Protein chains: 2
Amino acid sequence: MRSYHQYCSVAKALDVVGDRWTLLIIRELALRGACRYTDLRDGLPGIATNLLAERLRELEAAGVLMRRDAPPPVATALIELTDRGRALVPIVHDLGMWGLQYMVDGPAPDDSFRCHWLTFPAELFLTDGAPDGPPASLEMRVDDEAMAVRASEGKVAISPGPAEHPDAVLAGAPAPLLGLISGHLDLDAAVAKGLHFEGSRETVERLMPRRAPVA
Amino acid sequence: MRSYHQYCSVAKALDVVGDRWTLLIIRELALRGACRYTDLRDGLPGIATNLLAERLRELEAAGVLMRRDAPPPVATALIELTDRGRALVPIVHDLGMWGLQYMVDGPAPDDSFRCHWLTFPAELFLTDGAPDGPPASLEMRVDDEAMAVRASEGKVAISPGPAEHPDAVLAGAPAPLLGLISGHLDLDAAVAKGLHFEGSRETVERLMPRRAPVA
DNA sequence: CCGCATCCGGGGCGATACTG
DNA sequence: CAGTATCGCCCCGGATGCGG
């Protein structure tokens, strides 16, 4: 990107991360951790390959991310955030919280979706409503991608990939799933909107928020 | 900007504020409060007038800012952030704190500067080192623009425009001024780098940080 | 298959000129 | 003061190719 040529810290930050796609690359690295070029590409539907390569070069030069050789079994290099890049994660998170208000109408017809994009909203909204209960595991699934939510001793942990022995599974379209997570819909309403539900209703109700804090 | 077409809150946020110049417009409205088109234009050196007009239209349509008729004596309309837009201010602030690390080398030869751009760094770094002392007033000046810093009862307030009866005045180039504010330079070092200083040294040392918290 | 580089068409952007 | 109009350029998007 052309520099703004302003001696202002906000402008200098945007000189580095203000380019198109740049903050979404940070998002992917924040949600996935160290990953391959191809993983990034899959998490950024719509990006041109040359643009991704160019952005990665720029961000590496700016000290925001680094490449590291993968451990022996793998032949490829891994890309991950540096300390400087990790300092951006809370900002990307907050930006995502601000953007939630533009999602309540549901996805546009040609919107793509990846399950791990729900991580930030899930971290914000999900709480362990029964901190004294036994550990519980929930799987959320859209298309072929899954995300695991584990509640244990009052803590909620969200991780990409399928859950090991889920007590409950939620699957279906993104919109009712997000509605449930954010408290806009309860489980019955989400099911009525097409969400598929299996397993322990108790587990779902333990994790999902009771009220809707989004404006 | 073309939408990213991703049903992700970060992408949706960037669909609204990810365009070039957009977050800098938010910065200006955050630092100035309600202001005129021309004020924005002056605070955004380098922007094309058609782009500013177009961005303002888009941001108004997105509910981020609004236009309001000025009180009778003035003939022009004022532009200000809505609640939704004000929710972006902490994000812009944090982005600015992150961008500080790219300013330590000083401005590029063709960088422009406005004094009120120091507001975010000043809010972060300046503290009242003598909360029991009498109110103190400091003016910082670069070129023709000034910024006032008032310390009173342990609180520090920063406002655009000249100070009324400043106990001390700092004037000169942006870089030594920022170095002083951020704690990279003490007053003598800043003066050695060309900063002009007048008035009460005690007032300056009361407000400026003792150590450098920037990496 | 992974990680790009290259090419090309379209549109966002930058700069200037002009207007109510 | 507050924009609109115009034009050229370069960034971006999409497709293809290619070496490891």
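We name chains A, B, ... by the order of the sequence lines, and we start the count at 1 in each one. Fair warning: this is a prediction, and the values are worked out from it, not measured in the lab.
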* Which nucleotide in the list D:dG3, C:dG14, D:dC12 gets nearest to the side chain of B:L51? -> C:dG14

* **Interatomic distance, A:Y4 OH vs D:dC11 C1' [rounded to whole Å]** => 13 Å

* A:S3 and A:D15 side chains, donor-acceptor separation under 3.5 Å -> yes

* Within 6.0 Å of CD in B:E198, more than 12 heavy atoms from elsewhere -> no

* Asked: Separation of A:L52 atom CG from D:dC12 atom C1', in whole Å?
  -> 14 Å

* Has A:W21 got a side-chain N or O lying under 4.0 Å from the OP1 or OP2 atom of D:dG13? -> yes

* Base, sugar-phosphate, or nothing for B:R41, non-hydrogen atoms under 4.0 angstrom? -> nothing

* Is B:R141 close enough and on-axis enough to B:F197, meaning under 6.0 Å and within 45°, for cation-pi? -> no

* Asked: Quick one: is A:T38 getting a side-chain N or O under 4.0 Å of the C:dG3 phosphate, OP1 or OP2?
  -> yes

* Whole angstrom value for the distance that separates C1' of D:dC1 from CG of B:L40 -> 13 Å

* Between D:dG13 and A:R20, is there an OP1 or OP2 to side-chain N/O distance shorter than 4.0 Å? -> yes

* Asked: Of the candidate nucleotides C:dA15, C:dG3, D:dG14, which contains the atom at the shortest distance from the side chain of A:A48?
  -> D:dG14

* Hey, does the Lys NZ or Arg CZ of B:R20 hover above the aromatic six-ring of A:Y4, less than 6.0 Å from the centre and inside 45° of the axis? -> yes

* To do: Mind calculating the distance between CZ (B:R2) and C1' (D:dC11) to the nearest angstrom?
  => 13 Å

* To do: Return the nearest nucleotide to the side chain of B:R67; candidates are D:dG3, C:dA15, D:dC12.
  => D:dG3

* Asked: Once you round it to whole Å, what is the distance between P of D:dG3 and CD1 of B:I25?
  -> 12 Å

* For atom CG of A:D110 and atom P of D:dG14, their distance in whole Å -> 11 Å

* **Nearest-Å distance for atom pair OH/P, residues B:Y37 and D:dT4** => 7 Å

* Ignoring backbone atoms, establish whether B:R57 has a side-chain N or O less than 4.0 Å from OP1 or OP2 of D:dT4. => yes

* **A:A53 side-chain proximity, nearest of C:dA5, D:dC1, C:dG3** => C:dA5

* To do: For B:T49, report the nucleic acid contact type (base, sugar-phosphate, nothing); a contact means any heavy atom under 4.0 Å.
  => base

* Please give, in whole Å, the distance from C:dA15 C1' to A:H5 NE2? -> 14 Å

* To do: Give a yes/no verdict on a cation-pi contact between A:R67 and A:Y37, requiring under 6.0 Å between NZ or CZ and the six-membered ring centre and an angle within 45° of the axis.
  => no

* C:dC13 phosphate, OP1 or OP2: any side-chain N/O from B:R55 under 4.0 angstrom? -> yes

* Nucleotide nearest A:N50 (side chain, heavy atoms from C-beta), chosen from C:dG14, D:dC1, C:dA5 -> C:dA5

